[in-house]
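Working notes, beginning with the structure itself.
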Protein chains: 2
Amino acid sequence: MSDKSIDKKKRDKASTREALIGAATELFAERGFDGTRVDQIAQSAGVNKAMISYHFGGKKRLYNEILAATLNDAHERFHEIRYSKESADRRLRDFIFAFADLAATQPALPVMVIREVLSGGLHIDEDLLPRFLELFKLVQGIIDQGIREGTFTNVNSYVTHLSLLGSLVFFFATKQMRELLAGSPLPSRVPEVREFVRDLERTMRRGLAAGPAEA
Amino acid sequence: MSDKSIDKKKRDKASTREALIGAATELFAERGFDGTRVDQIAQSAGVNKAMISYHFGGKKRLYNEILAATLNDAHERFHEIRYSKESADRRLRDFIFAFADLAATQPALPVMVIREVLSGGLHIDEDLLPRFLELFKLVQGIIDQGIREGTFTNVNSYVTHLSLLGSLVFFFATKQMRELLAGSPLPSRVPEVREFVRDLERTMRRGLAAGPAEA
DNA sequence: GTCTATAGGCTGATAGAC
DNA sequence: GTCTATCAGCCTATAGAC
């Protein structure tokens with residue numbers, strides 16, 4: 001045996017946790033909390049299923065740990081926009097691009113968010129809920145700002161921020177199904193995302209713009 | 001015993017099926033297919049759980065029967081718009097209003113649709129899939145029409161129809177969570193829907209409108 | 001046609017060896 | 001820290017009484 005007691009049987013704690021989190025993130029996003037079996041997670045991570053209880057204290061805890069990490073990531077990315085002193089137009093644009101960027105890096109986020117929203121946050125810890133709401137409030141705040149500044153037309157900011165978030169979340173959350181329907185894994189379909197972001201930003205900007213406008 | 005052999009123990013076939021479908025629709029929408037237990041469905045419907053297997057041939061069949069019925073309803077409602085000879089502007093408006101109307105009558109539809117879309121249609125029968133796609137194609141077709149006719153600006157109709165559907169589906173699918181967050185059941189919050197529909201229609205119309213426009 | 005009781009299988013969690 | 005073996009509980013489906 002080596003003097004450092006590194007047996008090939010043992011991995012370090014960190015790598016096991018990492019493997020479990022990675023596999024679980026994918027599976028939870030794809031099949032939801034109830035649709036995912038701990039067996040699958042363990043097998044997909046290449047570790048024993050008992051490790052889930054050992055390292056995380058159960059399936060539910062693992063789920064919430066992933067959710068918390070993902071939300072933290074989102075929170076960091078939007079931090080700059082939250083405290084930005086730019087115009088509403090610009091902040092809205094920044095948010096859309098930042099969201100798209102986040103969704104590209106963390107494809108599981110929109111899916112897990114939407115799943116929780118659908119079931120009324122059935123599986124998430126109480127203290128995680130405010131994190132969700134911050135994300136929503138940020139968007140509504142930007143629209144309110146635009147209305148106050150007179151650059152946005154007088155929409156209802158509450159319903160409108162839901163429209164925008166709906167477009168964003170839905171687009172990225174449905175990626176899997178779109179790939180499935182296309183038959184192929186759509187390897188070079190990435191431009192799709194750029195077009196989506198561009199068109200959504202443009203449509204929202206023009207749709208919200210104040211002005212002499214039409215009826 | 002009565003000569004008509006109507007014991008109070010027995011309900012008729014139709015009412016049992018109806019009760020099961022009603023209870024199951026609500027639960028499937030709220031908790032998803034995997035998150036719903038047949039015990040719950042039966043209890044909520046006030047019938048024995050064995051009735052699910054008896055009347056529908058299992059949980060999955062029940063689920064698909066509900067999905068099929070809901071999609072049929074949607075199909076009927078959109079039939080007129082599909083073959084309408086109106087302008088794209090008008091057809092888009094009609095679609096948004098019809099969708100909102102449908103979602104108000106059948107709150108489970110948007111939730112079940114989005115759940116299936118998320119998991120890549122994991123639980124649905126093969127032959128039900130085209131029904132989903134028709135709904136999507138209808139919206140994309142309307143946008144294409146507007147671009148052809150020159151009343152819509154030159155967006156990518158594929159990504160844009162996803163934006164619109166995302167807004168619609170998300171808004172109605174998140175109703176439960178919004179009520180939960182509000183603390184109260186939001187009895188008189190129905191005007192919210194009207195404002196949403198009005199603002200979404202206006203934002204899309206203005207956002208898509210062709211014209212001298214800005215950059 | 002409806003019900004009760006139960007079968008048969010799978011799930012998430014744990015105790016204890018290594 | 002990791003693994004094997006195993007448990008208790010729950011799930012869906014079915015057989016058979018009424």
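Side chains are part of it too, since the values below use all heavy atoms of this structure and drop only hydrogens, waters and symmetry mates. So you know, we letter chains A, B, ... as the sequences are listed, proteins then strands, and number each from 1.
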**Prompt:** Do the side-chain N or O atoms of A/H55 get closer than 4.0 angstrom to the phosphate oxygens (OP1, OP2) of D/dT2?
**Reply:** yes
What pairs of donor and acceptor atoms, side-chain ones from residues 103-111 of chain A against any protein atom, are under 3.5 angstrom apart with sequence neighbours left out?
from, atom 1, to, atom 2, distance (Å)
A/T105, OG1, A/R77, NH2, 3.3
A/T105, OG1, A/D101, O, 2.7
A/Q106, NE2, A/D73, OD2, 2.3

**Request:** Using atom CG of B/L62 as one end and atom P of D/dT12 as the other, report the distance to the nearest whole Å.
**Result:** 11 Å
**Set of residues satisfying side chain to side chain contact (heavy atoms under 4.5 Å, CB included) with respect to B/N156, sequence neighbours excluded** = A/E195, A/D199, B/Y158, B/V159
**Asked** In whole Å, what is the span from the CD atom of A/Q43 to the P atom of D/dT2?
**Response** 18 Å
**Request:** Under the ring-ring contact (aromatic ring centres under 6.0 Å, His included) rule, collect the residues that match up with B/H79, sequence neighbours excluded.
**Result:** B/Y83
**Asked** Which residue pairs pass the side chain to side chain donor-acceptor pair (under 3.5 Å) test with at least one member in residues 23-51 of chain A, sequence neighbours excluded?
**Response** A/D34-A/H123
**Item:** With sequence neighbours excluded, residues passing ring-ring contact (aromatic ring centres under 6.0 Å, His included) with B/F196
**Value:** B/F171, B/F172
**B/S/- contact track for nucleotides 7-17 of chain C, protein heavy atom under 4.0 Å** = ----SBBB---
**Item:** Heavy-atom check, side chain of A/F95 versus side chain of A/L165, under 4.5 Å
**Value:** yes
**A/T16 vs D/dT2: side-chain N/O to OP1/OP2 distance below 4.0 Å** = yes
